[in-house]
Every structure is written in C-alpha cells, then in structure tokens.
Amino acid sequence: MAYARHQSFYIRDKWFSKGLRAVEQDNRFFFNEYAFETIGLGKNMVESLKYWLFAFNVLEEKVEEGQRGHYLSELGRILYDNDKLLQRNETLAILHYNLIRNISDQSTVFDWYFNKYKETAVSKPELLNSFITWVSQNEPKGISEKSLKRDIDCLIQFYTKTPDENDPEDVIFCPFFKLSLIKSEHSGEGFDTIKKLVPEIDKIGIIPLYYTLLSYQISNDVDLISVDEILNGDYLWGKTYNLSRNKVIEVLNVLTNHEHFPVEYVRTNNLDYIKVPKIPPLELLKSEFLKG
C-alpha cells in the first residue's frame, strides 16, 4: 500500500492535458530532471502530476529498444483524443473510478474512503483517526501519521476545491469537485465536517456507470450481478459513486433500454439480478465518446 505520493498536491485544472501532451511529445519526459522548466510547474508538482496520471491508469511504463519510457494507455488515448481538458463529467467519473480501484496500489486513501469506510458524515479529526487505525491494522510496517494526514487533506481537497468565483483566472481548483461526491462544512466546534453526498445521476453520467458494471463483470468473471451487490459491493455504484437504491434502480432502468447494449433483469431465488452483455469496457467508451 502507498501513502502521500501526491506530494500534497491534488490534481489541478489543466494538469491532465499538460501531462499527457508532454508524454505524447517525449516518452522520457518524466525522466528528465528539468521537465518542470518545460511544463511550467514546480519540481514537486511534476512529481505529483506523474503520480496522478499513473494512479488514473492513463499512463503505462514500457521498455522499448532497451530504454524505459512512458506511453498513453488505451484508456489514456481515448480520453486524450476526446476530452483531455476534462470538460465532461463522464471523464472525471471514469478517472475517479480508476483511482478508487487502486489497481496499481498508489491511491490507498481513496480506496479506503469509498470502499472500506462506512461513515457518511464525520468530523475531519475523526476521519483521520479512523484512517490511522485502519492503516495500523492492515499495514505491516509503520506509516508516519504526517503522511496519513496529507492523504486525508488531499482526499478532501480533491473533491471539494472549487474555483474562486471572484477570480476568473483561478487555476488551482480541482476539476473533480464537479462530481459532487464529498462536501466539507465548517462547524462551530473548530473543525470541518466531511460528508459523502448522493449525486444526481447527470453529475456522474450513464457511460461511467455502465463502464463500471462492465469492468466489474470482467474482473470477477460473472454473468449476473445482483442489485444488492451493485448497491453494496466494493467498486460498484453504491460505494464508488455514493448512489442510493433509488438512483441505482433509475440507472438500471435506463440501461435496459440502451440503444446498442441493453442490460437485462433476471429474477433468481427471489433476488433481482442484472445480466450484462459481454462487451469490453473500453469498446463501450470508444463507441459512446464517438457519439459526442
């Protein structure tokens, strides 16, 4: 498990496109100690940007002709070609999903908060203490509490750092606030209260929700997924996007009428299941993004 590799920087507006463009132009960009001079960011910010791009699974490292280099993954290519400025909430929701899946073991705090931590409203000190306790129980080696605090701070800012309405030039906000997944409220007791929010479906988008189902189907090698599992299972809608049962049913009803790849309700042993077509998740993204 990894902690605080983000250098205390949440990803900021335009970073995503800057990073992918730099790698497109030079697959050794992040190996260059002077890379920060060409991209207009500080050294630690460049390290942070590299971290986020790998945590999102939009970059991969390969060895070609005896030399290591970074290349856009297939997902990275789709997003770079269709929405590198992260203007669509669907793109943000897909990247959020990859982040909380923690496939490359780089985003532990995001996986923990959305998939393991059950509280929906908690004070910031309590949130930190819960994370420290969980890490101590699951991590064989000791982890600095300062690192864990940086993780919690970054997690909160990642979803709550909004643009300054009085400054049209503001570029230090995090675009992921648009997903409306977390809210930080000031309390009269001297600390913030952190709340998980149930977003409107259009804040997430049908495409990422379907992408999530297809990815789950493949990674777990299943034909049927129960509605209860979609609501309560790790890396599915209830946990990944904070969706309520009503929202889950609403989306499933939409997907039963999908133009090309409709899902199907199946009732077995008095439980409702969803039969999902066997489509590669990236093929779905390609077809949906091409529709514009």
Side-chain angles (χ1 to χ4, degrees), residues 2 5-65 67-107 110 154 157-159 161 163 170-179 204-205 207-208 211-212 215 280-292:
R5 292 188 180 175
H6 42 68
Q7 308 288 320
S8 296
F9 293 107
Y10 53 86
I11 194 166
R12 298 183 178 182
D13 187 44
K14 306 296 191 294
W15 278 22
F16 187 80
S17 59
K18 279 187 176 184
L20 294 187
R21 186 182 302 114
V23 170
E24 273 285 84
Q25 295 171 350
D26 177 10
N27 61 36
R28 296 278 301 169
F29 173 78
F30 283 115
F31 293 100
N32 182 353
E33 64 176 310
Y34 299 107
F36 69 97
E37 294 181 352
T38 62
I39 203 171
L41 299 175
K43 277 189 176 182
N44 288 348
M45 287 182 172
V46 170
E47 279 300 307
S48 177
L49 173 57
K50 175 185 171 184
Y51 160 79
W52 289 117
L53 296 179
F54 274 97
F56 290 141
N57 290 299
V58 295
L59 280 191
E60 54 192 17
E61 186 168 303
K62 299 179 184 177
V63 177
E64 294 196 354
E65 298 180 354
Q67 189 174 57
R68 287 190 302 155
H70 296 145
Y71 301 86
L72 271 64
S73 65
E74 190 175 359
L75 174 64
R77 170 59 59 195
I78 293 170
L79 299 184
Y80 183 72
D81 289 345
N82 292 279
D83 188 25
K84 58 179 169 285
L85 296 178
L86 304 184
Q87 294 177 320
R88 299 173 61 163
N89 276 34
E90 291 98 333
T91 304
L92 296 170
I94 290 164
L95 294 175
H96 159 78
Y97 169 64
N98 274 357
L99 191 62
I100 66 109
R101 286 177 77 195
N102 194 23
I103 295 173
S104 54
D105 200 22
Q106 299 195 58
S107 47
F110 291 85
C154 186
Q157 289 182 313
F158 191 90
Y159 296 101
K161 187 65 174 177
D170 179 23
V171 293
I172 66 168
F173 67 90
C174 183
F176 287 79
F177 83 89
K178 292 186 283 188
L179 295 178
I204 305 300
I207 298 171
Y211 177 83
T212 302
S215 299
L282 291 175
E283 291 304 312
L284 174 79
L285 289 191
K286 288 176 186 177
S287 66
E288 294 290 348
F289 272 110
L290 285 175
K291 289 197 296 190

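Bear in mind that the values here come from a model prediction, so they are computed numbers and not experimental data. Computation of the quantities below employed the complete heavy-atom set of this structure, encompassing side-chain atoms and omitting hydrogens, waters and symmetry-equivalent molecules.
- Rounding to the nearest 0.5 Å places CG of Leu285 at 5.5 Å from CD1 of Ile78.
- Here the closest non-hydrogen pair linking Ile11 and Cys174 is O-SG, 3.2 Å.
- Legend: residues meeting side chain to side chain contact (heavy atoms under 4.5 Å, CB included) with Thr212, ordered by chain and number and at least two apart, are Tyr97, Leu236, Trp237, Tyr241.
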How far apart are the C-alpha atoms of Trp15 and Met45, what are their side-chain angles, what is the distance that settles it, and do they pass the side chain to side chain contact (heavy atoms under 4.5 Å, CB included) test? CA-CA 10 Å; Trp15 278 22; Met45 287 182 172; 3.9 Å; yes

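- Closest approach of Ala93 to Leu179, counting heavy atoms only: N-CD2, 3.9 Å.
- The side-chain heavy atoms of Phe56 and Leu79, taken from C-beta on, include no pair separated by under 4.5 Å.
- For the pair Val58 and Tyr80, the minimum side-chain heavy-atom distance is 4.5 Å or more.
- Here the two rings, on Phe110 and Phe176, have centers that are 6.0 Å apart or farther.
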From CA spacing to verdict: side chain to side chain contact (heavy atoms under 4.5 Å, CB included), Leu59, Leu20: CA-CA 8 Å; Leu59 280 191; Leu20 294 187; 3.9 Å; yes

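- Considering CG of Asn89 and CG of Leu86, their distance stands at 10.0 Å, rounded to 0.5 Å.
- To the nearest 0.5 Å, atoms CD1 (Ile94) and CD1 (Ile204) are separated by 11.0 Å.
- Within the 3.5 Å criterion, the main-chain N or O of Arg28 finds no donor-acceptor partner in the side chain of Arg68.
- The closest side-chain heavy-atom distance from Gln106 to Tyr51 is below 4.5 Å.
- To the nearest 0.5 Å, the span separating OG on Ser73 from CG on Leu282 amounts to 8.0 Å.
- Legend: residues meeting side chain to side chain contact (heavy atoms under 4.5 Å, CB included) with Glu64, ordered by chain and number and at least two apart, are Lys62, Tyr71.
- In terms of heavy-atom proximity, Phe54 sits nearest to Glu61 at CE2-N, 3.9 Å.
- The side-chain hydrogen bond (donor to acceptor under 3.5 Å, both in side chains) search around Tyr159 returns His96, not counting sequence neighbours.
- Taking the ring centre of Tyr10 as origin, the terminal cationic atom of Arg12 falls inside the region bounded by 6.0 Å and 45° from the ring axis.
- Residue pairs meeting the side chain to side chain donor-acceptor pair (under 3.5 Å) criterion with at least one partner in residues 33-50, sequence neighbours excluded, are Ser48-Trp52.
- Across all non-hydrogen atoms, the minimal contact from Leu41 to Lys18 is CD2-NZ, 4.4 Å.
- Between atom CG of residue Leu49 and atom CZ of residue Phe36 there is a gap of 14.5 Å, rounded to the nearest 0.5 Å.
- Annotation for Lys161 and Phe173: closest pair O-CB, 3.5 Å, computed over non-hydrogen atoms.
- Going from atom SG of Cys154 over to atom CD of Gln7 covers 10.5 Å, rounded to the nearest 0.5 Å.
- By the side chain to side chain contact (heavy atoms under 4.5 Å, CB included) test, Asp83 is found to be paired with Gln87, Arg88, Thr91, residues two or more places apart in sequence or in another chain being considered.
- Residues satisfying the side chain to side chain contact (heavy atoms under 4.5 Å, CB included) test with Asn102, not counting sequence neighbours, are Asp105, Ser107, Thr108, Asp111.
- Leu53 places a side-chain heavy atom less than 4.5 Å from the side chain of Phe16.
- When each of Lys84, Arg77, His70 is paired with Glu24, the side-chain hydrogen bond (donor to acceptor under 3.5 Å, both in side chains) condition holds for Arg77 and for no other.
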